[in-house]
Amino acid sequence: MKTSTKRTLIAAAISSACLLTAMPSYAEGEFTANAGVSSNYIWRGLTQTTNEAAVQGGIDYSHESGFYAGTWASNVQYEADDEYSYEHDMYFGFAGEKDGISYDFGYLYYNYDDEANFDFAEVYGSVGMGGLSLTVYLLAHTEADESGEQDFGFAQASYTSVDYAFEVLNGTELGLHVGYHEGDFAEAFNGVEGYVDYGVSIAKDGFSFAITGTDLDDTGADNLDNDAVKFTVGYSMDFQL
């Protein structure tokens, strides 16, 4: 699942699968595209491809006013021969900076195969200062059906993350991340209860390397290894359209 395009590459590399998307510029009416590959698709600490490689890419529009919109896609697989094969995200938002404080607010829709019947959307907000940022995602709506005592209502699931990114040497960026995912819908989608994820990443010239983990226990031989520390490498390219 792709986060807002206003996140830096380093923060996104750890906290979501948007390991391949750089920050767009703000020339008036600018379109950009991105494409890349990754050895694993990690979203909020969990693999979205049963620890296999992913090919990802998208198109973004940004305006000097701070408005942006875009779309992004990736292959996904949560178990062998399952009904999920792709993820297609659409998003829009408004971002900027004032008095040294950056901000970003928007809407993000996650679309999957029709058979999956699990499309959902989140609203998000982020504030930052320097390399430090705090981001909150809230469940907006979903087509998935509730069962039992589940509540898939607005803001009944959330993801909160704190990220810190800084330059260490000649344009090389180091990022630190910790996040917490919880709520009935988060549990239904991920198959696990509320959990903490964390990571460290390094990126330069389109190349990235991330080490991520969670506080989850092993759930058995499911090829997900949610309890294991994961090492992910990726490369991305950006294009002016």
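No experiment lies behind these values; they were computed from the predicted model shown.
Counting heavy atoms from C-beta outward, Trp72 and Tyr91 have side chains that approach closer than 4.5 Å. Contact of the Thr160 side chain with the Leu134 side chain is registered, since non-hydrogen atoms from C-beta on lie closer than 4.5 Å. Side chains of Leu46 and Thr214 form a contact here, defined as non-hydrogen atoms less than 4.5 Å apart. Between Phe231 and Val229 the shortest side-chain heavy-atom distance falls below 4.5 Å. Using a 4.5 Å heavy-atom cutoff, the side chains of Asp225 and Lys230 are in contact. You'll find the side chain of Tyr84 stays beyond 4.5 Å of the side chain of Gln77, heavy atoms only. Looking at Ile42 and Thr47, their side chains come closer than 4.5 Å, going by heavy atoms from C-beta outward. Side-chain contact between Ser38 and Thr232 is present, with at least one heavy-atom pair separated by less than 4.5 Å.
Separation of atoms OH (Tyr195) and CZ (Arg44) is listed at 7.5 Å; rounding is to 0.5 Å. Distance check: Asp205 CG to Asn170 CG gives 10.0 Å after rounding to the nearest 0.5 Å. Here the CG atom belonging to Leu241 is positioned 6.5 Å from the OG1 atom belonging to Thr32, to the nearest 0.5 angstrom. One distance of note links OG of Ser74 with OH of Tyr86; it measures 12.5 Å at 0.5 Å rounding. Residue Leu176 holds its CG atom at 5.5 Å from CZ of Phe166, rounded to the nearest 0.5 Å.
Aromatic pair Phe189/Tyr112: ring centres closer than 6.0 Å.
Listed for the Thr172 side chain is no donor-acceptor partner under 3.5 Å among the backbone atoms of Lys204. Thr135 places no side-chain N or O within donor-acceptor distance of the main-chain N or O of Ser126, the cut-off being under 3.5 Å. The main-chain N or O of Thr49 is never found under 3.5 Å from a side-chain atom of Glu52 such that the two would form a donor-acceptor pair. Between the side chain of Asn190 and the main chain of Val192, no donor-acceptor pair closer than 3.5 Å is present. Listed for the Asn75 side chain is a donor-acceptor partner under 3.5 Å among the backbone atoms of Ala53. Between the side chain of Asp60 and the main chain of Gly70, no donor-acceptor pair closer than 3.5 Å is present. In this structure, Thr142 contributes its side chain and Asp119 its backbone to a donor-acceptor pair below 3.5 Å.
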Show your reasoning for whether ring-ring contact (aromatic ring centres under 6.0 Å, His included) applies to Phe207 and Tyr235. CA-CA 5 Å; Phe207 292 94; Tyr235 178 73; 4.5 Å; yes

What do the steps show when you test Val196 against Asp215 for side-chain contact (heavy atoms from CB on, under 4.5 Å), and what is the final call? CA-CA 6 Å; Val196 174; Asp215 66 347; 3.8 Å; yes

Kindly determine whether His63 and Tyr68 satisfy side-chain contact (heavy atoms from CB on, under 4.5 Å), including the steps that lead there. CA-CA 6 Å; His63 190 269; Tyr68 64 89; over 6 Å; no

Take Glu149 and Asp184 through the test side-chain contact (heavy atoms from CB on, under 4.5 Å) and record every step on the way to the result. CA-CA 9 Å; Glu149 301 299 320; Asp184 287 347; over 6 Å; no

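Listed by first then second residue, pairs satisfying salt bridge (charged side-chain N to carboxylate O under 4.0 Å, His left out) with a partner in residues 123-145 number zero, not counting sequence neighbours.
For the residue pair Thr50 and Glu79, no side-chain donor N or O sits within less than 3.5 Å of a side-chain acceptor on the partner. Using modelled atom types and a 3.5 Å distance limit, the side chains of Ser85 and Asp113 yield a donor-acceptor pair. There is no side-chain donor-acceptor pair under 3.5 Å between Glu30 and Tyr61. At a cut-off of 3.5 Å, with distance as the only test, a side-chain donor of Asn51 or Asn40 sits close to an acceptor on the other residue.
Hydrophobic cluster of Ile101: the remaining members, joined at side-chain heavy-atom separations below 4.5 Å, are Met129, listed by chain and number.
For the pairing with His181, the ring pair (Phe, Tyr, Trp, His ring centres under 6.0 Å) check across Tyr137, Tyr198, Tyr159 returns one residue only, Tyr159. Of the candidates Phe154, Tyr110, Tyr109, Tyr107, Tyr110 is the only one forming a ring pair (Phe, Tyr, Trp, His ring centres under 6.0 Å) with Phe120.
The hydrophobic cluster containing Met90 also contains Phe31, counting ILVMFWY residues as joined when their side-chain heavy atoms lie under 4.5 angstrom apart, directly or transitively.
Closest non-hydrogen pair, Leu138 versus Ser158, comes out as CD2-CB, 3.7 Å.
Classified by interplanar angle (parallel below 30°, tilted 30° to 60°, perpendicular above 60°), the ring pair Phe152/Phe185 is perpendicular.
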